[in-house]
Structures are given as structure tokens and as C-alpha cells.
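Owing to the predicted nature of the structure, the values given are computational and were not obtained by experimental measurement.
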Protein chains: 2
Amino acid sequence: MDLPPSTAAFVLHFGEMGSRWGINRTVGQIYALLFLSDRPLPADEIAQSLGFSRSNVSMGLKELENWRLIKLQHLPGDRREHFTTPDDVWAIVRTLAEERRKREVDPTLTLLRDTLMQTPRSDAEKHAHKRMESLHEVISLLTGWMDDVQKLPDERLVALLKLGGRVARVLEATDRFHEIVTRKPRRKAQEG
Amino acid sequence: MDLPPSTAAFVLHFGEMGSRWGINRTVGQIYALLFLSDRPLPADEIAQSLGFSRSNVSMGLKELENWRLIKLQHLPGDRREHFTTPDDVWAIVRTLAEERRKREVDPTLTLLRDTLMQTPRSDAEKHAHKRMESLHEVISLLTGWMDDVQKLPDERLVALLKLGGRVARVLEATDRFHEIVTRKPRRKAQEG
DNA sequence: CGATATGTTCAGGAATTTCTGAAATGACAA
DNA sequence: TTGTCATTTCAGAAATTCCTGAACATATCG
């Protein structure tokens, strides 16, 4: 690995982080390397830089493709496939969110819904049923919110995040505002 | 495992899901069992229900304690320690968010900040530097938002999530509102 | 105190995951 | 077609993680 020290550190860190998620160390490192690279990299260069076997890199890239996290490119005059990450970090975050949702959240919701269709018999089952209901509700809320903000363009999403908890205050204000504004179609700003 | 079928299914599912995250299958199953149980369970009952060795359960509970995900209780007339999950699912979600943040996000931000303090030399390093900058920005934004909403009481958080993307529209409205209201302390509505 | 019940630790075996090299497949140019 | 380069596959080796039983620690009771 003859990478600049800061790049090496980042790559190693991401490998570790990856393995705390379901992603294996190798795959994390490959992604980190591609993320920092200023040009698309072919598999053999990745293998060389990270000291992995060619076949390992091939499998890692496959995995990243399944996650839709990398893009494949062909450079003129070079037969090899080259790989990059999207330039836009938000695009990466969105993809990650979508894929994790598809793989982890949706199946869980399905299981919960299926179970909740059944009628609990014993007391213990009744209690478990209630617990699953509240879990289902929370997950639904969270994913519903995710769906919603996924539809926003980047700038709006960023604005929203920056506003953070202050949205709560804005909401209060808005309640009042809305009340005033919608009471009558404009002309007179206040009445009553 | 002589659990009701729906409980067994849930427990197994959570075991699988756990292992897609960094959490091992056993720990996931223990948590799922406690989550559904209508009473605090002692370690030996957990071991019995799930078919794990007593020592494995002991280690699993230790892990869950480190994550602050379970509570220990003593029942009158029973010398054994009994374990439960919080009743409130939101409390669980909040704890999970805090712990994952502490373990995964904060160290990453630290690494990024440390690296960004240094001056990049080569072109490649300059590019990597820029990439890390944008990653840092995105993560900061997300965690900042998290911090903010963590402070909200449950009802407000739920209200916020329900509003979802419609907040964006509220924001537009608020922009206008704000503009009008703050332009001057009222008397004259517009000026140069 | 000894007896019994509960909880923890840890060495090493079991199970799983990761990684490799070799062989197979594919893609393309001559 | 053949030859070359690139990529994928996959059996098994290597590494890691998980799990267990036995030993140890701790607590409580009689």
C-alpha cells in the first residue's frame, strides 16, 4: 500500500467501520479508496494498492455493484473496467439509505405485518402482539419520513437538516400563521 | 425453544438482522426475546428458551448492557437477576442512535477532522482532501440534526416525522412569512 | 462455617466468514 | 479461428468470530 498516509488511514478506518456494519473489511477499504481517488480505478490497481488478491477485489466490486454504490466506466484505449463512486456525497447517502431499507427494513415490516394479522391467543402472545404493534408503528413512521425526504431536492434537504430541532418552533409559528392566512384568501391580513 | 410460533419467528428474524449489523445473532435473539416478553426474564430462562449455553447468554447480556439496551431488575423472593427492555420503543430508538453515534460516527468525524487539519501535497492528496471535506460536511449536518431532534420530546418528534416532506412546503411559506415579519419591526412593510 | 445458588471468565473447539490461487469464462483483435 | 487480456467462479486454506463447558468468583442462606 504506497498510498499517502492520510489516504491509508482513511481506508483502514473505513474498513473497520464497514466490518461493524454487515460489510466486510475488504469491501469497505475498496470503497474508501475509490471514494478518495481522483480518477476511475481498474480492479488490478485496487488489488495492488490494497494488497488484496485480484479475485477478492473482483468479489468486493461485485458486492458494491449490488449495493449500487459504484459506477463502471470504460476509458478510451484501455480494455479494463474502471470504477468510481458518485461525485455527490448526498447521492451516496441516498443510495445507502435506499438499499439498507430494501434489505433490512422492508423485510422486517413484512414480518411484523404478517404476524399482526394473526390473532394472539395466550396472555403472553397478546403482550407480544402489542409490542410488535408499537415497533411496527415506530418503524413505519421513520420509513415514511425517509420516503418523504428522499423526494426533496438536495438543497431543501440540507435546509431542513440545518433547521434541525428549530423546526419544532417553526411548526408552532406556522400553526398560527396558517391559521391566520387560511382563514380568508389574503386581501385582509388580519381579521376577527 | 417452546415459544409461540410468532415469537419464535420474530426472534429468529431479529437474530438474522442483528448479524447484518455488527451485532451477533445470539445477542439479537436475546434482545428480541426480552422485547416481546411480558415479564423480566432471568438468564437461565433465556438460555433455556433459546437453546444457548448459560455462559453465552451471560456474555450476550453483558453486551446489551454496554449498549444500555436492557435494564436489570430484582424480583422479590428471587435471587436471580432479571432483565427487561424499556417499555417505550422511542426510548430504545434514542439509545440505539446515541450508542451507534458514539461508537461509529464520532470516531469517524475525529479522523476526518484530524486529516483535514493537514495540508495536502500532491494533486491526488488535494483531491482526497476535498472529498473528505464534503464527507465531513454531510456527516456533520446529519449528526447535528440528530442532536437537535434528540432534544425534542416524543410527541414533537412524532409530529415532525409525520409532517415529513411537507415540512419543505412549510419552509417556503415560512421564508415568506419571515421575510415579511422581519423586514422592519412592522410599521413600514417595505423599504429600498 | 459449609452448602447451595447465581454469575463471570476464559481456553480451546466449532462454526462461519473471508480470502486466495487456479481454472473457467468471456471479450475482443488479428 | 487463435491468442491475449480481463474478469469471474469456486474449492479449499486461512482467519475470524462464536460458543461451550469447566473452573472460578460471589452471594446468600441455614
Side-chain angles (χ1 to χ4, degrees), chain A residues 1 11-12 14-34 39-67 70-84 103-104, chain B residues 1 11-12 14-34 39-67 70-84 103-104:
Chain A
M1 224 202 268
V11 163
L12 290 178
F14 254 72
E16 285 315 312
M17 281 308 148
S19 70
R20 292 221 193 163
W21 290 57
I23 299 152
N24 90 33
R25 190 156 42 254
T26 312
V27 175
Q29 293 191 13
I30 293 173
Y31 198 74
L33 183 67
L34 290 177
R39 66 197 163 85
L41 297 179
D44 50 359
E45 264 189 59
I46 298 172
Q48 146 89 89
S49 297
L50 300 178
F52 302 148
S53 72
R54 187 53 242 285
S55 56
N56 195 2
V57 171
S58 174
M59 293 190 297
L61 290 169
K62 216 49 188 291
E63 171 104 4
L64 288 169
E65 276 186 273
N66 289 340
W67 279 81
I70 53 173
K71 292 184 298 187
L72 185 154
Q73 259 179 23
H74 278 280
L75 298 194
D78 194 330
R79 226 152 100 190
R80 297 170 303 174
E81 293 174 323
H82 290 64
F83 299 87
T84 48
R103 288 155 199 252
E104 287 145 28
Chain B
M1 220 201 271
V11 164
L12 291 177
F14 255 72
E16 285 315 313
M17 280 309 148
S19 69
R20 293 221 193 162
W21 289 56
I23 300 153
N24 89 33
R25 190 156 42 256
T26 311
V27 175
Q29 292 190 13
I30 294 174
Y31 197 75
L33 184 67
L34 291 177
R39 67 196 162 86
L41 297 180
D44 51 358
E45 265 189 60
I46 298 172
Q48 146 88 83
S49 296
L50 300 178
F52 301 148
S53 73
R54 188 53 241 288
S55 58
N56 194 2
V57 171
S58 176
M59 291 189 297
L61 290 168
K62 219 44 190 291
E63 170 103 6
L64 288 169
E65 277 185 271
N66 290 340
W67 279 81
I70 53 174
K71 291 183 299 187
L72 186 155
Q73 259 179 23
H74 279 279
L75 298 193
D78 194 330
R79 227 152 96 190
R80 296 169 303 175
E81 292 174 325
H82 290 63
F83 299 87
T84 48
R103 289 154 197 253
E104 287 145 28

**OP:** Measure the distance from CG on D78(A) to P on dA27(C) and round it to the nearest whole Å.
**Re:** 17 Å

Original post:
Out of dT8(D), dC5(D), dC18(D), which has the shortest distance to the side chain of S58(A)?
Top reply: dT8(D)

Original post:
Are the side chain of R103(B) and the backbone of R20(A) linked by a donor-acceptor contact shorter than 3.5 Å?
Top reply: no

Subject >> Interatomic distance, I46(B) CD1 vs dC19(D) P [rounded to whole Å] >> reply: 15 Å

**OP:** Nearest whole angstrom, please: distance from the C1' of dT16(D) to the CG of N24(B).
**Re:** 13 Å

Subject >> Residue met sooner reading DNA chain D from 5', once S19(A) and R79(A) are mapped to nucleotides >> reply: R79(A)

Subject >> Which atom of A32(B) lies closest to which atom of V11(B), heavy atoms considered >> reply: CB-CA, 3.8 Å

Original post:
In whole angstroms, how far is the P atom of dT20(C) from the CE atom of M59(A)?
Top reply: 8 Å

**OP:** Tell me what R80(B) touches on the nucleic acid: a base, only sugar-phosphate, or nothing, going by heavy atoms under 4.0 Å.
**Re:** sugar-phosphate

Subject >> Gap between atoms CZ and P, on R20(B) and dT16(C) respectively (whole Å) >> reply: 16 Å

Original post:
Is there a donor and acceptor pair, one atom on the side chain of S55(A) and one on the base of dG21(C), closer than 3.5 Å?
Top reply: yes

**OP:** Report the distance from atom NZ of K71(B) to atom CG of L34(B), rounding to the nearest 0.5 Å.
**Re:** 11.5 Å

**OP:** In whole angstrom, give the distance that lies between atom CD1 of I30(B) and atom P of dC18(D).
**Re:** 13 Å

Subject >> Given dT4(D), dT18(C), dC18(D), the nucleotide with the shortest approach to the side chain of T26(A) >> reply: dT18(C)

Subject >> Candidates dT18(C), dT16(C), dG7(C) - which lies nearest the side chain of R25(B) >> reply: dT16(C)

Original post:
Hey, does the side-chain of S53(A) have a donor or acceptor N/O within less than 3.5 Å of a partner on the base of dG21(C)?
Top reply: no

**OP:** Among R79(A), R80(A), R54(A), find the one that has a salt bridge (Lys or Arg N to Asp or Glu O under 4.0 Å) with D44(A).
**Re:** R80(A)

Original post:
When rounded to the nearest 0.5 angstrom, what is the spacing between CG in L61(B) and OH in Y31(B)?
Top reply: 12.0 Å

Original post:
For dT7(D), does OP1 or OP2 lie under 4.0 Å from any side-chain N or O of R54(A)?
Top reply: yes

**OP:** Mind calculating the distance between CD1 (I70(B)) and P (dG7(C)) to the nearest angstrom?
**Re:** 12 Å

Original post:
How is N56(B) classified with respect to the nucleic acid when contacts are heavy atoms under 4.0 Å: base, sugar-phosphate, or nothing?
Top reply: base

Original post:
dC19(D) P sits how many Å from K62(B) NZ, rounded?
Top reply: 18 Å

